[in-house]
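Report on the following structure.
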Amino acid sequence: MSDYIPTQIEPKWQAKWEADGLYHSDIDPKRPKHYALTMLPYPSGDLHIGHWYAMTPADARARYMRMNGYNVLFPMGFDAFGLPAENAAIKRGVHPKVWTYKNIENMRKQMRSMGAMFDWRREAVSADPEYYRWTQWFFIQLYKHGLAYRKMSPVDFCPHDNTTLAREQVWGEDRHCERCGTPVIKKDLEQWFFRITQYADELLNYEGLDWPERVRTLQTNWIGRSEGASVIFKTEMGDSLEVFTTRPDTLWGATFMVLSPEHPLVGKLTTAEHRQAVEDYKKQAARQSDIEREATDKEKTGVFTGAYAVNPVNGVKIPIWTADYVLMTYGTGAIMAVPAHDERDFAFARKFGLQIIPVIQPEGVPDLDGETMEVAYVGAGHMINSAQFNGLAVNDEKGRKNPGITAVIDWLAGQGIGKEAVTYKLRDWLISRQRYWGAPIPMIYCEKDGWNPVPDDELPVLLPDDVAWKPTGESPLKLHPTWKQAKCPVCGEPAVRETDTMDTFMCSSWYHLRYLSPWYNQGPFEESEYNYWMPVDTYTGGIEHATMHLMYTRFFHKALRDMQITEGSEPMIQLRNQGMVLGEDHEKMSKSRGNVTAPDDLVHRYGADAVRSYLIFFAKWDMGAPWNRTGIEGTYRWLKRVWALFSEPIGNPSASPETLKVLRRKVHQTLKQVTHDFEQFEFNTIVSGLMELLNEMYKAKEAGAAGTREWSEAVDLYLRMLAPVCPHIAEELWELLGKPYSIHIQSWPKVDEAATHEDEITIPIQINGKLRDRLVFPADTSEEEIKSAALASEIVRKYLEGRQPKKVIVVQKKLVSIVI
RNA sequence: GGGGAAGUGGCGGAAUUGGCAGACGCGCAAGACUUAGGAUUUUGUGCCGCAAGGCGUACGGGUUCAAGUCCCGUCUUCCCCA
């Protein structure tokens, strides 16, 4: 018997699998397909233990599906554009391309050491010109179909470094520049957008998707659909002020208006007397984040503009204020304030002594009084102080489900002062980045013909390599002497290229399509591959992508469908999220904290199989947990015990039939549990189940089971169950036992249900809810027999002291509960 | 502030969904083997108690023959908010 030396067997099998193309996935119409996808990594340098934590169970499950007869596609690639490459260039003078591709090379090597079943022929790297050629092509398609457009939009800008900043480069509550610490300012730039808002309602529909409730809730909140009405107020000077409200039924209670400090009319409306206060207030508001501004518990601030508006429903003159709790980015940036029935308006009115008029009266309580109310009333009731609508019922529903709201909306529309309206928090997707290391936006500007797309046969618009890095961080594309010079695709006259690049979420919105045929150069993907493999059956990745990436890719797919490029509305049918591996200090792993665990060291010391099984075993997959360096000893020991048991000589069988029956029962019970766990993504109990079975097998061997038919079956099934989790040791032992190569193309075993049944059942006996006795019965004992045996038990008789029990509950095959 | 998730031994976690709480593993303790042990192996290990027994799933109530699981309230931690 030899020792278990993973570093000897693992590279050997990895090389053989690769040479044999064992994990190549090709179209096979005879077999059901399964597209298993795990989120692709950013090539930051090293594969992190977190990557392993995400990929290993995904790989194990892909292998399980393959053993179940599916033709499985499990590809891998790199999300290779992005800011860190540019930061490295600025800090260390390495070209982003060099930095990125060196990292990719390193990470490929690390991934190979995992022994995953990636089909590397299908690898896609988003920074390859052959990849971003199609990213650009998609942009042009979206542009041609009116889904991409250009408009002014504010960006974060550092006045000291004189550069635009990405969101993640703006730090802290005071929103300062990551590099120099200067507070950032907003600057308006012309930028490109995708019309994701056009798909807002469709994105709210998750029909046919097996996605976690949590992700759907996050997306739903992100889209933030509100139903209500838009109403036109007029200022005394005659300007129109449109407001959106979800509560048009409370219009008669509007006692003032509030404009966002950024609202374009604030300047015009403000009277000379109030101008200084308003200007000061605007400056102060601009320095706060939206979250701070919206917080309901925050002390309300605001100033009077000196102007008045007229409430269109009753002609009452109401003051116009400006306050930071109204955001320009939501609705119209102006609200009608109904302090009696809105918490924030109420707090504001009380603070500044503004009038409060109740217009919804709850049932069965004394009449509300604006002078004495202590909180806003937001519930159901009937309308009061509302002219012809007095007495109308208002319930807790939103929109047209509410009779009060419906009646008022219809009346407003009839009067021409308002109409039914829906607003969303979702904004159009801003895709311009003032960066170098991204896919150039393939557009050309001509003085005469305006913006036009680069012709298809000129794609890709290549990133130039010969760029200079200025410490300002301004995009080198802008500073490049010749790159932006182009010919107008329409008139042929000199024109200029767009120097912005695309948001990398654009690259990752379609990578699952490039995996289908990264070799293909006639289009983004080969149709036959698409028709066979799509949609993705199982998508796994971190919850942090719930809103951005997962929403963008859904939008992208719907847009492709509408442009007749693809069929189907949803790219990924089933979604599951893993949790995060924290450092041993329970903090998020990061180089700066020095709490990072490097998988390479672990693989070197314990082998990939031990690392894989430990990552699967040590935490509930969807929860994650802090790393524990000694824990891995457990799975390493387990594998050594597997090795020892399966590779040592068998000896003469001498086990009793009972021993063999018990062994076979445990094997099939484990198979049943492990199968269930793979289906349900409950990975940690797969390993614990296999550990338990191993312990039973040691006992059985002790009792002389080795060499029997049951023993052979146990070993065979054990290795098949082990194969998805620990592919190397399973393959090695499989070969050692003289079984046909490769274990990874064997079938998943079938559970023998009959073998799983217990002969005997142990029934706990409770008296007044406390466990007092345990009795063993043959499994088929009737309820009556169990009941009488329980009552006859010595311990129960002692407690009964000759009395009759008040109640006896017998739960079939579970327990007996006696009440005295 | 709003929305969401979660609180089970010293630690990570089990518990067929209302039915024997603590599977499996780490750690720890004692023993065996050994020149040695950071190898291997055996046994033990929720807490209190010499024991009988009692108490135990964040805390306080409730429903039930029976609650980690269901209901009400409180506290704590974590995640998300362009």
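Reminder, nothing fancy here: chain letters follow the sequence lines and each chain counts from 1. Source: prediction; values computed, not measured.
Per the geometry, CD1 belonging to A/Ile616 stands 14 Å off P belonging to B/A14, to the nearest Å. Distance, A/Lys300 NZ to B/G1 P: 12 Å, rounded to whole Å.
The aromatic rings of A/Phe193 and A/Tyr149 sit parallel to each other, their planes meeting at less than 30°, with 60° as the upper class boundary. Note on ring orientation: taking the six-membered ring where Trp is involved, the planes of A/Tyr4 and A/Trp643 are tilted (angle from 30° to 60°).
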Below 3.5 Å is the cut-off: list the nitrogen or oxygen pairs between protein and nucleotides 65-73 of chain B, distance only.
{"from": "B/C65", "atom 1": "OP1", "to": "A/Lys807", "atom 2": "NZ", "distance (Å)": "3.1"}
{"from": "B/C65", "atom 1": "O2", "to": "A/Ser817", "atom 2": "OG", "distance (Å)": "2.7"}

Would you tabulate the pairs of protein nitrogen or oxygen atoms and nucleotide nitrogen or oxygen atoms of nucleotides 44-47 of chain B closer than 3.5 angstrom?
none

Are there any protein N/O atoms within less than 3.5 Å of an N/O atom in nucleotides 36-42 of chain B, and if so, which ones and at what distance?
{"from": "B/U40", "atom 1": "OP1", "to": "A/Lys640", "atom 2": "NZ", "distance (Å)": "3.0"}

Between protein and nucleic acid, restricted to nucleotides 4-13 of chain B and to nitrogen or oxygen atoms under 3.5 Å apart, what atom pairs and distances do you find?
{"from": "B/G12", "atom 1": "O2'", "to": "A/Phe618", "atom 2": "O", "distance (Å)": "2.1"}
{"from": "B/G13", "atom 1": "OP1", "to": "A/Gly624", "atom 2": "O", "distance (Å)": "3.4"}
{"from": "B/G13", "atom 1": "O3'", "to": "A/Asn684", "atom 2": "ND2", "distance (Å)": "3.0"}

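Annotation: of the two residues near RNA chain B, A/Thr547 and A/Leu771, the 5′-most nearest-nucleotide partner is A/Leu771.
Residues in residues 610-625 of chain A take part in these side-chain hydrogen bond (donor to acceptor under 3.5 Å, both in side chains) pairs, two or more places apart or across chains: A/Asp59-A/Arg612.
Listed by first residue number, the stems of RNA chain B with at least three Watson-Crick or G-U pairs below 3.5 Å are B:1-7 with B:75-81, B:10-12 with B:24-26, B:27-32 with B:40-45, B:46-48 with B:53-55, B:58-62 with B:70-74.
Residue A/Leu426 is in base contact, counting any heavy-atom pair closer than 4.0 Å across all strands shown.
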